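Source: prediction; values computed, not measured.
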Amino acid sequence: MRAFASLRRQAEFERLRRRGRRTMTDALTLFRGEAGPADRRSVVGITVAKTVGIAVVRNRTRRRLAAIAH
């Protein structure tokens with residue numbers, strides 16, 4: 001099982017942007033939130049900017065970061 005919960009819907013990302021903690025670099029933004037009372041896993045949202053490259057490269061970067069966080 002993953003150590004964090006993945007975000008799937010736009011509303012989940014919006015909620016995390018409003019309430020979570022943000023770590024930023026030039027090309028990457030990582031949002032994280034604390035685990036809720038009913039959930040044992042924390043919440044992580046990874047956003048990769050277009051300056052990183054084309055969609056294939058951005059998705060590969062996002063998957064690798066998720067693997068590192070796991």
What pairs of donor and acceptor atoms, side-chain ones from residues 47-60 against any protein atom, are under 3.5 angstrom apart with sequence neighbours left out?
unit_1 : atom_1 : unit_2 : atom_2 : d
R58    : NH1    : G53    : O      : 2.7
N59    : OD1    : R62    : NH1    : 2.6
N59    : ND2    : A55    : O      : 3.2

statement: Here the salt bridge (charged side-chain N to carboxylate O under 4.0 Å, His left out) pairs for residues 13-23, sequence neighbours left out, are E14-R17
In a table with atom names and distances, give each donor-acceptor pair under 3.5 Å that connects a side chain of residues 24-32 to protein atoms at least two apart or in another chain.
unit_1 : atom_1 : unit_2 : atom_2 : d
T25    : OG1    : L28    : N      : 3.1
T25    : OG1    : L28    : O      : 3.2

